[in-house]
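Input: a single structure, listed below in structure tokens.
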Amino acid sequence: MATVAMGAAMVTVAATPSSASTVPAPEAAPPVAAPNARVDNPYSGAKVYVNPDWADKAKADGGSKIANQPTGVWLDTIDSIEAPEGSGYETSLAGHLDNAVAGGYTAIQFVIYNLPGRDCAALASNGELGPEEIDRYKTEYIDPIASIMGNSKYANLRIINIIEIDSLPNLITNTGSREQATPECDVMKANGNYVTGVQYALSKLYALGNTYNYIDAAHHGWIGWDDNFGSSAELFASTAKGATGGVETVAGFITNTANYSALQEPYLKITASVGGTSVRESDWVDWNKYVDELSFAQAFRTKLVSSGFKSNIGMLIDTGRNGWGGSARPTKVSTSTDLNTYVDDSRIDRRIHAGNWCNQSGAGIGERPKAAPASGIDAYVWIKPPGESDGSSSLIPTGPDNPGGKGFDRMCDPTYEGNSRNGNSESGALPNSPVSGAWFSAQFKELMKNAYPAL
Ligand code: BGC
């Protein structure tokens, strides 16, 4: 899922809902602080949970080099909490937490992803709750999750919760008079249920004591433009201030979840110009202030602190699929004197448009999960598990290949020529993909092949 906003006009780029951290090895993880004593960075010195359900799929598909990496566990329906027989989920929430304790892990990452009217600007990750079903979100989803996470047997785990991918950013860029507005996002803005739901999740989960809430902050190709940057920070701040516990409930923010934006553009600097014209005027950059996630995440952190968040908040960046290695990766700054050629030949992000978000052709595994990799960054994480599809390339009716009744978004169709949310560009999606969340072997193999750093 992902929405993007381009330039003054704003494009909704769909970012799929799309990160984890590893522990530098040798020394054993230090004992976690006493229950209920939060640490500043929950990834520091932590041994982060490796989801065996994902690891088994990765190993079975030639991914033994990465199968030992931590990935996010997505709680994307009410059924995902208990994983009843026939639901398609292998392990319940309590099962993952028990596994983590038994395996000697000290941190575990969940994605809280089931808001009413979910994914209002895209169709591939439409949710099970209707726009008005906020009470069910509270009582049938967040309350049971909080109750299970609150069991004293998990008190020594640092429980990291990624809060509701794409939701608040959608309210900024895909509503009202914006060219990319959708009726569905307008409904969610008007009824207030994204804000109410996020506030409820922050309040309930923070109250547990050993939990860390990270709110989704889209990515540079969505809220990097001036007219989105400040208003997003303000919406995040007003939302958190309305939670019980206020801004204290927020440990930090995550960028690039399930997306493909490059961590760093080594050969394309936002300050560069060609023949006196700034690269910001190129088609690719389109007046954005940022060309990569690291610079965006660090600047956005500063903005968030000035908007009222604690000065020690940390950022996470999902690097699972933003490596952009392989033979198409540029190795130097272009010498072209044509602005667009210069930018296109210099950038490592090989997408057709920065608003493209579904199963991107040519992408590779990015930086391995790592704690405290850069100033202001709590961790590089793999929240979208590599190998899991962003959406199907054609409509798959509800049935064995689509048990959850996932929708079809043409941004996942390689023959689609786009819309205002991706500058009317080709989708750049791989063909023959299964529904979102399902294993997509061809993509997994390409991600491995194009990994950067190489595996
Ligand atoms: C899907 C979820 C899935 C997640 C991780 C999302 O796009 O909607 O169902 O769990 O990706 O793959």
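- By the side-chain contact (heavy atoms from CB on, under 4.5 Å) test, Ala262 is found to be paired with Glu265, Trp324, Ile348, Asp349, residues two or more places apart in sequence or in another chain being considered.
- Aromatic pair Tyr290/Phe229: ring centres closer than 6.0 Å.
- For the salt bridge (charged side-chain N to carboxylate O under 4.0 Å, His left out) with Lys384, the qualifying choice from Asp76, Asp318, Asp390 is Asp390, the only one to do so.
- From Leu430, atom CG reaches atom CD of Gln443 across 6.0 Å, with rounding to the nearest 0.5 Å.
- Formation of a donor-acceptor pair under 3.5 Å by the Asn340 side chain with backbone atoms of Asp283 is found in this model.
- A side-chain donor-acceptor contact under 3.5 Å links Tyr214 and Asp378.
- Leu268 is listed as a side-chain neighbour of Val343, based on a closest heavy-atom distance under 4.5 Å.
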Next item on the list: Evaluate the side-chain contact (heavy atoms from CB on, under 4.5 Å) criterion for residues His220 and Asn256: first the C-alpha distance (whole Å), next the side-chain angles of each, then the deciding distance (0.1 Å), finally the verdict.
Entry: CA-CA 8 Å; His220 88 278; Asn256 203 42; over 6 Å; no
N/O donor to acceptor pairs below 3.5 angstrom from side-chain atoms of residues 55-62, sequence neighbours left out:
residue: Asp61; atom: OD1; partner: Ser441; partner atom: OG; Å: 3.1
residue: Asp61; atom: OD1; partner: Lys445; partner atom: NZ; Å: 2.7
residue: Asp61; atom: OD2; partner: Trp439; partner atom: NE1; Å: 2.9
residue: Asp61; atom: OD2; partner: Ser441; partner atom: OG; Å: 2.8

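- At most 12 non-hydrogen atoms from other residues, nucleotides or ligands lie less than 6.0 angstrom from CD of Glu82.
- Between the side chains of Asn228 and Arg178, a donor-acceptor pair is found at a separation under 3.5 Å.
- Remark: Asn322 CG to Arg351 CZ distance equals 9.0 Å, nearest 0.5 Å.
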Item checked: Derivation of the side-chain hydrogen bond (donor to acceptor under 3.5 Å, both in side chains) call for Tyr43 and Gln109 -> CA-CA 10 Å; Tyr43 290 86; Gln109 311 170 107; 2.7 Å; yes
Next item on the list: May I have the step-by-step check of side-chain contact (heavy atoms from CB on, under 4.5 Å) for Leu115 and Leu129, ending in yes or no?
Entry: CA-CA 7 Å; Leu115 277 175; Leu129 299 179; over 6 Å; no
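- One finds the CG atom of Leu263 at 7.0 Å from the CG atom of Asp292 (value rounded to the nearest 0.5 Å).
- A cation-pi arrangement is present between Arg329 and Tyr452, with the terminal nitrogen or guanidinium carbon under 6.0 Å from the aromatic centre and inside a 45° cone about the axis.
- A donor-acceptor distance shorter than 3.5 angstrom exists from the side chain of Glu133 to the backbone of Gly130, with no hydrogens or angles considered.
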Check: Step by step, would you call Ser389 with Asn359 a side-chain hydrogen bond (donor to acceptor under 3.5 Å, both in side chains)?
Finding: CA-CA 6 Å; Ser389 176; Asn359 300 326; 3.3 Å; yes
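- Residues that satisfy the salt bridge (charged side-chain N to carboxylate O under 4.0 Å, His left out) test with Asp98, not counting sequence neighbours, are Lys153.
- Annotation: ring-ring contact (aromatic ring centres under 6.0 Å, His included) contacts involving residues 78-99, sequence neighbours excluded, comprise Tyr49-His96.
- A donor and an acceptor atom, one from each side chain of Thr77 and Glu128, are nowhere located under 3.5 Å apart.
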Notebook entry, point to check: Given the rule in the side-chain contact (heavy atoms from CB on, under 4.5 Å) test, do Lys406 and Ser392 qualify, once you have shown the distances and angles that lead to the verdict?
Noted result: CA-CA 9 Å; Lys406 290 272 175 66; Ser392 58; over 6 Å; no
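- Within the 4.5 Å cutoff, side-chain heavy atoms of Asn419 are placed close to those of Met411.
- Within a 6.0 Å sphere centred on CD of Glu140, other residues, nucleotides and ligands contribute more than 12 heavy atoms.
- Separating the CD1 atom in Ile352 from the CG atom in Asp344 is a distance of 11.0 Å, to the nearest 0.5 Å.
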N/O donor to acceptor pairs below 3.5 angstrom from side-chain atoms of residues 196-204, sequence neighbours left out:
residue: Thr196; atom: OG1; partner: Gly192; partner atom: O; Å: 2.8
residue: Gln199; atom: NE2; partner: Thr239; partner atom: O; Å: 3.0
residue: Tyr200; atom: OH; partner: Asp143; partner atom: OD1; Å: 2.6
residue: Tyr200; atom: OH; partner: Asp143; partner atom: OD2; Å: 3.3
residue: Ser203; atom: OG; partner: Gln199; partner atom: O; Å: 2.6
residue: Ser203; atom: OG; partner: Thr244; partner atom: N; Å: 3.0

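- In this structure the side chain of Leu316 reaches within 4.5 angstrom of the side chain of Ile162, judged on heavy atoms.
- Remark: Thr211 OG1 to Phe110 CZ distance equals 12.0 Å, nearest 0.5 Å.
- A 4.5 Å side-chain heavy-atom check between Pro116 and Arg136 finds every atom pair outside the cut-off.
- Legend: ring-ring contact (aromatic ring centres under 6.0 Å, His included) pairs involving residues 386-419, not counting sequence neighbours: none detected.
- Side-chain atoms of Val195 and Leu168, non-hydrogen and from C-beta on, do get closer than 4.5 Å to each other.
- For Lys65, the NZ atom counts as loosely surrounded, since its 6.0 Å shell holds 12 or fewer non-hydrogen atoms of other residues, nucleotides or ligands.
- One distance of note links NZ of Lys269 with CD of Gln264; it measures 7.0 Å at 0.5 Å rounding.
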Next item on the list: List the steps, then state whether side-chain contact (heavy atoms from CB on, under 4.5 Å) holds for Tyr212 with Arg158.
Entry: CA-CA 7 Å; Tyr212 298 81; Arg158 299 172 182 173; 3.7 Å; yes
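- Geometrically, Arg118 does not engage Tyr137 in a cation-pi contact defined by less than 6.0 Å to the ring centre and at most 45° from the axis.
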